[in-house]
Protein chains: 2
Amino acid sequence: MAAQVRKERERADREKLIVATARELAEQQGWDAVTTRRLAERIQYSQPVLYSHFRGKREIIGAVALEGATEMAAALRAAANAATNATTNTTRDATTNTAGDSATGGPRGRVLALARAYLDFAERYPAVYDAMFQLDGGLTFAAEETPEPLRDGFTALLETLEDVAGPDVRPGLFTEIFWASLHGLATLSRAGRLPPQDAEDRIELLVDRLSAF
Amino acid sequence: MAAQVRKERERADREKLIVATARELAEQQGWDAVTTRRLAERIQYSQPVLYSHFRGKREIIGAVALEGATEMAAALRAAANAATNATTNTTRDATTNTAGDSATGGPRGRVLALARAYLDFAERYPAVYDAMFQLDGGLTFAAEETPEPLRDGFTALLETLEDVAGPDVRPGLFTEIFWASLHGLATLSRAGRLPPQDAEDRIELLVDRLSAF
DNA sequence: CAGAAATTCTAGCACCGCTAGACATTCGAG
DNA sequence: CTCGAATGTCTAGCGGTGCTAGAATTTCTG
């Protein structure tokens, strides 16, 4: 019965296609443009096929969110890692790096890199970010049954931030406020509610104030 | 022609009724339940009447947002003011107020009270808060043509925060990151993405880290 | 009081998420 | 190979959305 496993694989492929197409459509034209009709048309199937994979549009958003969470966790770890292994930047005058710019492998550089990576992700993939934190994807947070990718995203933040939480401060609690602050910056910036030109200043001020290097 | 001014007043009244009804409906059943049909029915007029006052649903949301901004600014100022005039709390043991709890008239107490008032407003009037910062009300921020109530809300924050921005930090910039952090806490908390029991700890940690008392 | 002007309503458009039931396809037993 | 059952997919449609053209009504004005 190899035919059986082939069908299962094709079905899994189609599911991935749905999620990828939804994400693509959302990135191109926003989530409002992701309608079940358009989505069905793009994958060359009729609407009910979508409902054989997902219980509704919410679940499709949720699937995009989980995919995004995995990517974000990887991006955050990569940034923190790159900052750890970075020494003085050769293209820049080392004497200007007095207070420990991001081009140092110290804690400040790591945290700055982490914050930038987070905000960069939110700005680069706004639709995915919305699916994760802005829209209702039917996902559970801060609980037992929180899906692994979401938990892992939080952990990726925590891995870098636990070093700067400071004494007598639970790393988890510190990560929560750090995350919330980044989330606030990300959403307010993208909605045009904060002056764009000061973005970099805000990141540095926030990181320097929150962190106990 | 006193009839003319009477009609204008009646028209203004009806506009206020629309906004108040939209807000009420949103608070009771969420913004999804605020449809033009339901709204029209509640105010005892047909749908097109709504469109003689507002260009669309967006503008109605925007009107609720402006109303909310005015209220929020007042609430923030009231909280900051009350904290300024507060001395040691008589109902509480003064010796436990070692590190300067909110029941002192000092900067920390003022900022804590401000932060609590902000988050309290967001929690108490989630629909209004959404109209202001989460939904698209067609409003312009961080620009010349930003409506007065919104600017004033920011100013209300700034009035208290400029004292703790610290030297060499633009008060406006500091207010931006403080606001963003509060906004992040407010939205993530309400979406169930942060453990509710640590809410108070988060506020104190955030305030203590951000502020330069 | 009649006609003009302003106001309000009815009815409908194109679209939404979602689904019942018709239709087509694939499978397995004889 | 055949034929009934099971599986898969589609067509068509439901009740809802924001919004608007044009008819109907009310109010104002000469």
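In what follows, chains are A, B, ... by sequence order, proteins preceding strands, each numbered from 1.
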Whole angstrom value for the distance that separates P of D/dG15 from CZ of B/Arg38 = 16 Å
Without swapping roles, check the side chain of A/Arg38 against the backbone of A/Ala33 for a donor-acceptor pair under 3.5 Å.
-> yes
Would you call A/Glu204-A/Arg108 a salt bridge at under 4.0 Å N-O?
-> yes
A/Arg11, CZ atom: more than 12 neighbouring heavy atoms under 6.0 Å | yes
Length of the line joining A/Leu135:CG and C/dG17:P, which is rounded to integer Å = 13 Å
Measure the distance from CD on B/Glu15 to C1' on C/dT8 and round it to the nearest whole Å.
-> 17 Å
Kindly state which residues belonging to residues 48-66 of chain A come within less than 4.0 angstrom of DNA chain D, counting heavy atoms of the residue only, listed by number.
-> A/Pro48, A/Val49
Take atom CD1 of B/Ile18 and atom C1' of D/dG18, then tell me their distance rounded to the nearest Å.
-> 15 Å
Is B/Gln47 side chain donor-acceptor paired with the C/dC9 base, going by distance under 3.5 Å alone?
-> no
Quick one, which residues of residues 23-36 of chain A touch DNA chain D with a heavy atom under 4.0 Å?
-> none
Look at the side chain of B/Arg151 and the backbone N and O of B/Thr146, then say whether any donor-acceptor pair between them is shorter than 3.5 Å.
-> yes
Any donor-acceptor N/O pair, B/Arg209 side chain to A/Leu210 backbone, under 3.5 Å = yes
Ring-face cation of A/Arg23 near A/Tyr125 (centre distance under 6.0 Å, axis angle within 45°) = yes
Rounded to the nearest 0.5 Å, how far does OG1 of A/Thr155 lie from CG of A/Leu161?
-> 11.5 Å
Rounded to the nearest 0.5 Å, how far does CD of A/Gln134 lie from CZ of A/Arg190?
-> 6.5 Å
Would one find a side-chain N or O of B/Arg14 under 4.0 angstrom from OP1 or OP2 of C/dT7?
-> no
Rounded to the nearest 0.5 Å, what's the gap from OG on A/Ser181 to CH2 on B/Trp179? Could you check?
-> 14.0 Å
Side-chain-base donor-acceptor pair under 3.5 Å for A/Arg37 and C/dG17 | yes
Length of the line joining A/Asp136:CG and C/dG17:C1', which is rounded to integer Å | 14 Å
Answer whether the closest heavy-atom distance between the side chains of B/Arg42 and B/Glu24 falls below 4.5 Å.
-> yes
Between C/dC18 (C1') and A/Leu39 (CG): distance, integer Å | 14 Å
Estimated bend of the helix from C/dC1-D/dG30 to C/dG30-D/dC1 (axis per five terminal pairs, rounded to 10 degrees) | 20°
Mind checking whether A/Tyr129 and A/Tyr118 have parallel, tilted or perpendicular rings, split at 30° and 60°?
-> perpendicular
